[in-house]
Amino acid sequence: MKLFYRILILWMLLLTSAYGQHAIQNTSSRALRFDITAKKAVMRADTLHLSYDLTMSGHVISPHEILYLCPVYHGPDGERCRLRPMIICGSSRMPYYKRQEALRGRRHYWDERNPEPQIYYGQRMQVFHYGTSQTVPPGGSLRIELFVEDCCDRVAVATEDIPVTSFQPVARPRRAEASQVSFVRPRREEVKMRSERLTVRIDYPVNQYQVLAGFAGNAGELERIHKALRPLLTQPDTYQIGSAVIRGYASPEGTFDGNMQLSQRRAEEFRNYLTALYPHMYRHPFPATGMGEDWDGLRHLIEEDGDMPQYDRVLSIMDRVDIHAGREKQLMDLGGGEPYRYMLRIYFPRLRRMEMELSYSVRSFESHEAVDVFDARPQDLSHEEIFEVAYRRNADRTDHTAFGTEYEMAVRYFPTDPVARINAASAALVRGDLDTAWQHLISVRTDPRAYNDLGVYYWLQGDLTQAEIYWRRAMKVSGDERRAASNLHLATEETAHEQVKLTVINQ
């Protein structure tokens, strides 16, 4: 009986495909309809750019099902290349994916199903937007394969061929005007909590733990630390210390107990050195802890280097032999001592260090103050304050080659905020730096606030068709309606003017 229904589904799809719309009949006998529209597949050099809209009418899938739309590129040599799929997940299947993402981590879970799908949960949405870019060999063909999957089975229900066109650039200006791009004001950060982590490498005479400012290269290292700490520890009206901790680490040579004691004493002496210079640090909990031999740090340095003698055997000893069961002795004996001497010379000095962490709060800054803070300690500004600095500095800037570089600082300190990416992309478009603009836009291309900038990017690339798709979407986004409409009007007029010029030339 189940096979009968599957055959019936496929027969109905074939019957209706001639009319450009797909109809599916599932096991509950519901009419299922959807359209794939706004299809765009363009080869630009060796990269395929694919986008489309999926429009649904009725309930396409039951709660326990999922609908897969899998683009497959067939290369000229016959090789199949799977592009990023789209998944529309029924409400009953949604908890399964959410649970797997929570247990294993979203990135790790989907990495195993490379390429990661563009996934939508639930069935209430009627229009689904899709877009991806992938490197493929030119000269092939593209087909979207559709599947419906329940708990036990996956059945192919339809295919949709999409013609692949070659990108034909039209000459465009190499940059946009500031009025054409979108700048989004970030949310206010009510309480600015920050943390500072410093790695301190101080040289000591053998088996000594006192901080000697004049010994070896300590003067420069201590000045670096003071430059970072002095504002935090001397400006109580601006900074409020929440907590601080020092952890001391030692390299593995010598005895385990001796290194533990040495790292503890050095951490305590460094704390004493700081509190003598900044007495009010006594008001805060300020533990100093010796961590002993830093074997984890040593392993990280070895793996990062990868060129040390007998690399694999060194790591094998570190994995198999316990610290208290002769690990260091086996490393010293390995290969006549050459690997150990290499570690002693290259890695061990980097393990002898202190790690200092401070957490603190920062007051809000007025606009004129934020400009100075931006140059001295930009990490203490909120995203909104960096936005204000960028606005003030670029309001009257005529040199477009340096326009809006301040927005890159917002990306540095707020890398997960899509607003930072959108604003940095906008500034890059004004500078004419299209490569940087795309690097920002590709991570926010599904965010409606980025649609106008995506339109500007494709327009500057000479792809008016793709630009129009995004501008028409942006015309439905609050705050971008007029800007996107103006951009589309300007680009359309420009194209019409170019066509008239071409006609006159040909005559």
Side-chain angles (χ1 to χ4, degrees), residues 40 42 44 47 49 51 118 129-133 167 169 172-187 374 378 381-395 397 399-488 490-491:
K40 182 71 174 178
V42 178
R44 183 179 285 106
T47 302
H49 301 270
S51 63
Q118 181 175 320
H129 303 298
Y130 172 89
T132 192
S133 299
F167 173 64
R172 299 290 180 207
R174 286 299 298 171
R175 66 172 190 83
E177 296 296 332
S179 60
Q180 293 180 278
V181 297
S182 302
F183 289 100
V184 183
R185 175 172 289 277
R187 292 182 179 180
F374 182 89
L381 295 175
S382 69
H383 192 176
E384 185 182 38
E385 289 166 342
I386 293 178
F387 181 86
E388 289 290 346
V389 171
Y391 177 81
R392 287 168 64 94
R393 288 186 171 180
N394 293 282
R397 180 172 280 173
D399 179 12
H400 290 94
T401 60
F403 183 91
T405 53
E406 296 83 1
Y407 293 107
E408 295 292 338
M409 191 68 73
V411 174
R412 176 181 176 183
Y413 289 108
F414 303 93
T416 62
D417 189 342
V419 170
R421 296 284 181 181
I422 293 170
N423 290 338
S426 296
L429 291 170
V430 175
R431 293 195 303 272
D433 186 354
L434 301 189
D435 291 339
T436 297
W438 179 247
Q439 289 304 312
H440 293 306
L441 288 172
I442 196 171
S443 64
V444 293
R445 61 185 180 274
T446 59
D447 191 316
R449 295 171 296 182
Y451 289 165
N452 177 66
D453 279 1
L454 283 161
V456 173
Y457 170 80
Y458 281 110
W459 173 62
L460 294 176
Q461 291 280 28
D463 189 347
L464 182 58
T465 302
Q466 194 73 359
E468 181 178 351
I469 291 173
Y470 280 105
W471 279 332
R472 292 197 180 280
R473 292 178 183 175
M475 288 164 63
K476 301 176 183 178
V477 178
S478 176
D480 276 338
E481 306 97 323
R482 293 184 179 180
R483 185 180 294 107
S486 175
N487 285 336
L488 180 57
L490 175 65

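All of these numbers come straight from a predicted model, not from anything done at the bench. We number each residue from 1, following the sequence as shown.
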Once you round to the nearest 0.5 Å, how far does CZ of Arg421 lie from OG of Ser443?
-> 4.5 Å
Side chains of Met475 and Leu488 in contact at under 4.5 Å (non-hydrogen atoms) = yes
Aromatic ring pairing Tyr458/Trp438, orientation class (parallel under 30°, perpendicular over 60°, tilted between) = perpendicular
Any idea which heavy atoms bring Thr405 and Arg431 closest together, and the distance?
-> N-NH1, 3.9 Å
Can you give me every donor-acceptor pair (side chain of residues 406-416, partner residue at least two apart or in another chain, under 3.5 Å) with its distance?
residue: Glu406; atom: OE1; partner: Asn394; partner atom: ND2; Å: 2.9
residue: Glu408; atom: OE1; partner: His440; partner atom: NE2; Å: 3.2
residue: Glu408; atom: OE2; partner: His440; partner atom: NE2; Å: 3.1

Between Ser426 and Ser182, is there a donor-acceptor pair closer than 3.5 Å when you use the side chain of the first and the backbone of the second?
-> yes
Got a sec, which residues hit side-chain hydrogen bond (donor to acceptor under 3.5 Å, both in side chains) with Arg449, two or more places apart in sequence or on another chain?
-> Asp447
Before accepting this row, confirm whether a basic side-chain N of the pair Arg185/Glu384 lies closer than 4.0 Å to the acidic partner's carboxylate O.
-> yes
Output all residues satisfying salt bridge (Lys or Arg N to Asp or Glu O under 4.0 Å) with Glu177, sequence neighbours left out; order by chain, then residue number.
-> Arg175
Give, for atom CG of Leu441 and atom OH of Tyr470, the distance between the pair rounded to the nearest 0.5 Å.
-> 9.5 Å
Please lay out, stage by stage, how Thr446 and His129 fare under the test side chain to side chain contact (heavy atoms under 4.5 Å, CB included).
-> CA-CA 8 Å; Thr446 59; His129 303 298; over 6 Å; no
Give the minimum heavy-atom separation between Arg445 and Tyr451, together with the two atoms involved.
-> O-CE2, 3.6 Å
Heavy atoms, side chains only, cut-off 4.5 Å: are Glu385 and Val389 in contact?
-> no
Is Arg483 reaching over with its side chain to a backbone N or O of Asp480, donor-acceptor style, under 3.5 angstrom?
-> no
Glu468/Arg472 ion pair, N-O < 4.0 Å = yes
